[in-house]
Student: 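Shown below is the structure under consideration.
Numbers restart at 1 for each chain; the letters A, B, ... are given by sequence-line order, proteins then strands.
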2 protein chains.
Amino acid sequence: MNVMQKKSKPRVKNEEAILIAAEEVFSELGFAGATTSLIASRAGIPKANLHYYYPTKEALYQTIISRIFSIWLHAAETFDDCDDPADALGRYIRAKMEISRMHPLGSKIWAQEIMHGAPQIQGFLETTLNDWTASRVKIIERWIAERKIDAIDPQSLLYMIWATTQHYADFEHQIGALNGGKALSDEKYKHATETVTQIILKGIGIKMV
Amino acid sequence: MNVMQKKSKPRVKNEEAILIAAEEVFSELGFAGATTSLIASRAGIPKANLHYYYPTKEALYQTIISRIFSIWLHAAETFDDCDDPADALGRYIRAKMEISRMHPLGSKIWAQEIMHGAPQIQGFLETTLNDWTASRVKIIERWIAERKIDAIDPQSLLYMIWATTQHYADFEHQIGALNGGKALSDEKYKHATETVTQIILKGIGIKMV
DNA sequence: TAGTTTCTTGACCGGATGGTCAATTTTACT
DNA sequence: AGTAAAATTGACCATCCGGTCAAGAAACTA
């Protein structure tokens, strides 16, 4: 309805449209399968115009990747909001489920990037993610030493959280197919979130209320 | 060593080499990114020869998909080997972890297929997988009614098992990067398998030994 | 209004890709 | 050995893709 918003410079409007279209297309077809002309057409502009804003397909892809990365960083913070394992992990799991709900396309692009050997984000894996993981492993080990949780392998726990929460984004289509062909309702998604949280927390020995 | 095996018809040897190469390339580059000439070169034959055995890239891809499907079916059977939830689920989780270890490439291709909207396997999702899931959900519901496990959402439990076990195949590269750049040793993988099994079984209220 | 910058776009290009084909060689069978 | 079937392969082709370009249109600035 807000059609009168012609004030914005074309750059702002076009870059936004391109990024939205690119995220869609990259997640649906992968980097190699995505074509700049399809992205442009979804953004409602000619291909040559897309290349005016993003010179190469790779530059566009990296812009998308860095956006996803910043979302990931944001979720990572929720881990540290509290020192109680039930709170910290519960918050983290819920934050990751929320991200899978709100940004499934980004999660899919991320997953494909890893599966293809992480050509663009290898550096991130070896630095930021490695450091973040190592420090959270220490926190979990401390919880174990303090008998707050069972003596489980911390890495396996983190992987389980990542895998389970991201599954709701990456395998959205399969989950929909097993749900009568339509996406999970907000209600069902909330229920899934609580189930996941409960199983994991109870699974590592946290007494549930 | 067994060099004297010239008896085999070229067809057998070449189809095998092509399928192995194709599984590699499809998992690394995706369907769109894979090129028939790269697959042929990895199989050690000219591209034209590949097209003699598999007329189109899509035909080759579908052959690969159906192979992966049969592996999946095999694992699915382990669910029913026993009626005790600890046994049945434990067996199933371990079988799926074993598959992720032995056939990571197939798992990646499967995951990409789902992420791209399952263009080739939609029918399977709507029939075989849907039926299988529905009947296992009933089994889990019975376990709940018999108070053998907690009253969790059965679908969420299945998704958690799929997600976690397949993560070790699909995100192999990331796990390796977080393990000093090398793949998990057999020992570590075994440890991860036990951790995963323990957390899930305990998480749904099964008393661990 | 005049001038400058930003934006738009159809046409085009080199390279790569999936797939074909016909000529030749190898294998299988009697 | 001789013949028919299966297999091999270099050369080739139509199509599509990422990216360029130049000429012009629109948007800002003073």
Side-chain angles (χ1 to χ4, degrees), chain A residues 2-65 109 112-113 116 119-120, chain B residues 2-65 109 112-113 116 119-120:
Chain A
N2 192 1
V3 190
M4 297 309 285
Q5 205 187 4
K6 277 258 184 69
K7 295 291 165 88
S8 67
K9 276 184 176 173
R11 168 150 245 131
V12 175
K13 178 185 52 128
N14 281 337
E15 287 186 344
E16 182 66 18
I18 291 171
L19 289 178
I20 289 173
E23 196 172 65
E24 272 181 36
V25 175
F26 280 133
S27 77
E28 286 171 18
L29 285 320
F31 178 79
T35 66
T36 53
S37 72
L38 177 59
I39 295 172
S41 119
R42 291 239 193 140
I45 60 174
K47 185 182 65 165
N49 201 4
L50 179 145
H51 282 284
Y52 171 75
Y53 289 105
Y54 297 95
T56 67
K57 184 164 94 163
E58 195 158 325
L60 177 54
Y61 184 69
Q62 279 175 340
T63 305
I64 296 282
I65 286 282
I109 294 171
Q112 290 181 69
E113 176 67 12
H116 294 1
Q120 312 283 346
Chain B
N2 193 1
V3 189
M4 295 310 287
Q5 205 187 5
K6 277 259 184 69
K7 297 293 166 83
S8 67
K9 278 183 179 173
R11 167 151 247 129
V12 175
K13 176 183 57 122
N14 281 337
E15 286 185 345
E16 182 64 18
I18 291 171
L19 290 177
I20 289 174
E23 196 173 66
E24 272 181 36
V25 174
F26 281 133
S27 77
E28 285 170 20
L29 284 322
F31 177 79
T35 67
T36 53
S37 72
L38 177 59
I39 295 172
S41 118
R42 292 239 193 141
I45 58 173
K47 186 182 65 167
N49 200 6
L50 180 145
H51 283 283
Y52 171 74
Y53 289 103
Y54 297 95
T56 67
K57 183 163 95 164
E58 196 157 325
L60 177 53
Y61 184 70
Q62 280 175 341
T63 305
I64 295 282
I65 286 282
I109 294 172
Q112 290 181 67
E113 176 68 11
H116 295 359
Q120 312 282 346

Student: Can you name the closest pair of heavy atoms from B:S37 and B:K47 and give their distance?
Tutor: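 Scanning both residues, the minimum pair turns out to be CB-CD, 3.8 Å.
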Student: Specify the separation, in whole Å, of atom OH of A:Y54 and atom C1' of D:dT20.
Tutor: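 After rounding, the gap between these two atoms is 20 Å.
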Student: Are side-chain heavy atoms of A:T35 and A:L29 found at a separation under 4.5 Å?
Tutor: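 Answer no - side chains too far apart.
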Student: Just by protein heavy atoms under 4.0 Å, how would nucleotides 15-20 of chain C read 5' to 3' in B, S and -?
Tutor: --SBBB
Student: With no hydrogens and no angle check, do the side chains of A:Q62 and A:Q120 hold a donor and an acceptor under 3.5 Å apart?
Tutor: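 Their side chains do contain a donor-acceptor pair, which is all the 3.5 Å distance test asks for.
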Student: Is the side chain of A:E23 donor-acceptor paired with the backbone N or O of A:I64 at a distance under 3.5 Å, no angle test?
Tutor: no
Student: Under 4.5 Å between any side-chain heavy atoms of A:I39 and A:F26, yes or no?
Tutor: yes
Student: Tell me whether the OP1 or OP2 atom of D:dT8 has a side-chain N or O from B:N14 closer than 4.0 Å.
Tutor: yes
Student: Rounded to whole angstroms, how far apart are CD1 on A:I18 and P on C:dT9?
Tutor: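 Distance check: A:I18 CD1 to C:dT9 P gives 12 Å.
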Student: OP1, OP2 of D:dG10 versus side-chain N and O of B:N49: anything below 4.0 Å?
Tutor: no
Student: So, OP1 or OP2 of C:dC7: does either fall under 4.0 Å of a side-chain N or O from A:R11?
Tutor: yes
Student: Whole-Å distance between D:dG18 C1' and A:L50 CG?
Tutor: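 Distance check: A:L50 CG to D:dG18 C1' gives 11 Å.
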Student: From the list D:dA7, C:dT6, C:dG10, which nucleotide is the closest neighbour of the side chain of B:Y52?
Tutor: D:dA7
Student: Could you tell me whether the side chain of A:E15 and the main chain of A:Y53 form a donor-acceptor pair under 3.5 Å?
Tutor: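 No, the answer is negative, given that no donor and acceptor are paired below the 3.5 Å cut-off.
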Student: Tell me: CG of A:L38 to C1' of D:dG18, nearest whole Å?
Tutor: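 Roughly 14 Å, once rounded to whole Å.
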